[in-house]
Amino acid sequence: MHLTAQQREQFDREGYLFFPALFSGAEMSSLHAAVPELYSRREAYNVREKGSDAVRTNFAAHLVSEPFARLARHPRMVQPVMDLFGEELYMHQFKINGKMAFEGDVWQWHQDYGTWKNDDLMPTERAMNVAIFLDDVNPYNGPLMFIPGSHKRGVIDARHDLTTTSYPLWTVDNDLIRQLVERAGGAGSYDAQGRHVPAGIVSPVGPAGSMILFHSCLVHASTSNLSPFNRVSVYLSLCAVSNHIRRHKRPEYIAHRDFTPIDCLPDDCLTQNYPVDLPWGEGMPASALETSLEVVDHSTPVSRPHTSQLRAA
Ligand code: SIN
Ligand code: MN
């Protein structure tokens, strides 16, 4: 799948692109079915909600589960990001966020690149977030909220929040959020039928199989899920190979250390059982838990240039 000129322009302006129902129900079913068993594992890569057994985030499923290993190589997801960066990509992070019915907690306002820069020493923002909905996302089950255009601010000063939720995050303070939302159009308006027309905060909602691409500097958050509907979504972070991280301060199951370019499978890979490697299929190696504050002097991996050399904003 390639992006049109209009989609590129929209991505540059707003910082995200939404593709409702990009994947079919049949394509999502093996992924959806694999989640309960992954979440049941008592492993470091399952981070549970504060004070609850519900899984908030499962990391690195693409290294232990065949359906997710195939999703990680899906051309419908990888190709548009390669086009935007003009370079091959590696998987920086792979999460299945639960946001389970009644239990899913908030994600505070943040930029993902803030964390990747501060913790992982990722040199620039040439990494893309991709969200793929495994459940339907509606206004009640804690959809993502974006501030359109906020990626244009670049990297914003952030505070390392270690207490609000079970997962540490570099968060943006409320005064700046207020300003950014105001600048993007505030609370929005109402049309003649009384329907809300969003402006400064938008929430893409849609059926399972929908996909969002969003800029790593786009400011985003989500509220808790008080509804009876699970909101399981996969978040993949695809990084330009030359922009690989320079420090392993976080465990490898969170911030990956294998910068090999992703080799895509055919487009029907979610309904056909193409063989895939599962490097952690027999268990996560102990080294994946090791961390260090040293700057790693990897020789820059060779990245094969991609046909389109256009760069993302
Ligand atoms: C994230 O920002 O990484 C996750 C947000 C969410 O799952 O709502
Ligand atoms: Mn995020």
Side-chain angles (χ1 to χ4, degrees), residues 15-16 18 31 35 38-39 45-50 52 54-62 81 91-120 122 125 127-148 150-151 153 155-156 158-162 164-172 177 180 201-206 208 210-227 229-239 250 253-256:
Y16 73 97
F18 183 44
L31 300 165
V35 171
L38 284 169
Y39 277 7
Y45 54 64
N46 275 329
V47 176
R48 291 168 199 277
E49 299 283 6
K50 216 174 173 177
S52 150
V55 171
R56 175 175 180 76
T57 303
N58 164 282
F59 288 99
H62 65 307
V81 183
M91 188 66 67
H92 169 58
Q93 190 170 76
F94 191 106
K95 304 183 290 193
I96 312 171
N97 282 5
K99 189 68 75 117
M100 304 307 280
F102 303 113
E103 310 236 44
D105 203 352
V106 303
W107 287 85
Q108 312 95 306
W109 287 108
H110 67 282
Q111 296 176 307
D112 284 10
Y113 181 60
T115 302
W116 303 340
K117 177 181 159 73
N118 287 316
D119 285 346
D120 307 328
M122 184 186 283
E125 56 196 60
M128 178 76 80
N129 268 320
V130 183
I132 295 174
F133 302 172
L134 296 194
D135 287 315
D136 298 345
V137 176
N138 58 45
Y140 319 108
N141 61 359
L144 274 175
M145 299 189 289
F146 294 140
I147 305 177
S150 54
H151 62 302
R153 284 290 297 255
V155 185
I156 292 169
R159 187 180 73 85
H160 205 194
D161 181 345
L162 302 163
T164 307
T165 69
S166 60
Y167 185 68
L169 209 59
W170 290 85
T171 61
V172 179
I177 295 299
L180 291 171
I201 299 180
V202 297
S203 268
V205 293
S210 300
M211 178 175 92
I212 310 172
L213 301 183
F214 63 104
H215 194 284
S216 59
C217 286
L218 192 70
V219 179
H220 60 285
S222 63
T223 63
S224 63
N225 182 5
L226 292 179
S227 82
F229 316 120
N230 290 342
R231 196 228 63 181
V232 179
S233 298
V234 183
Y235 290 84
L236 310 93
S237 306
L238 302 172
C239 185
R250 302 194 296 168
Y253 63 85
I254 297 181
H256 293 297

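Remember, predicted model here, so these are calculated numbers, not experimental data. All ligand and atom numbering here is 1-based and tracks the order in the structure.
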note = For Arg231, the atoms of ligand 1 under 4.0 Å from one of its heavy atoms are 6 (C), 7 (O), 8 (O)

request  = Kindly indicate, with the supporting measurements, whether the criterion side chain to side chain contact (heavy atoms under 4.5 Å, CB included) is fulfilled by Val155 and Tyr113.
outcome  = CA-CA 7 Å; Val155 185; Tyr113 181 60; 3.4 Å; yes

ask   = Nearest to the Mn ion (ligand 2), which N, O or S atom of Asp112 do we find?
value = OD1

Top protein contact for atom 4 (C) of ligand 1, by heavy-atom distance = Asn97 ND2, 3.2 Å

request  = Do me a favour and list the nearest non-hydrogen protein atom to atom 3 (O) of ligand 1 with residue, atom name and distance?
outcome  = Lys95 NZ, 2.7 Å

query = With backbone taken as N, CA, C and O and side chain as the heavy atoms from C-beta onward, which portion of Gln111 lies under 4.0 Å from ligand 1: side chain, backbone, both, or neither?
reply = neither

remark   = So the angle subtended at the Mn ion (ligand 2) by His110 atom NE2 and His220 atom NE2, rounded to 10 degrees, is 90°

Between [Y] and [X], do the side chains contain a donor N or O and an acceptor N or O under 3.5 Å apart?
X	Y	answer
Asn129	Asp112	yes
Ser224	Asp105	no
Asn141	Asn225	no

query = Nearest heavy atom to atom 8 (O) of ligand 1: which of Gly98, Ser222, Ser233, Ala221 does it belong to?
reply = Ser222

query = Between Phe214 and His220, what is the ring plane arrangement, given parallel below 30°, perpendicular above 60°, and tilted in between?
reply = perpendicular

inquiry  = Tell me whether Tyr39 contacts the main-chain N or O of Gly98 through its side chain, where contact means a donor paired with an acceptor under 3.5 Å.
reply    = yes

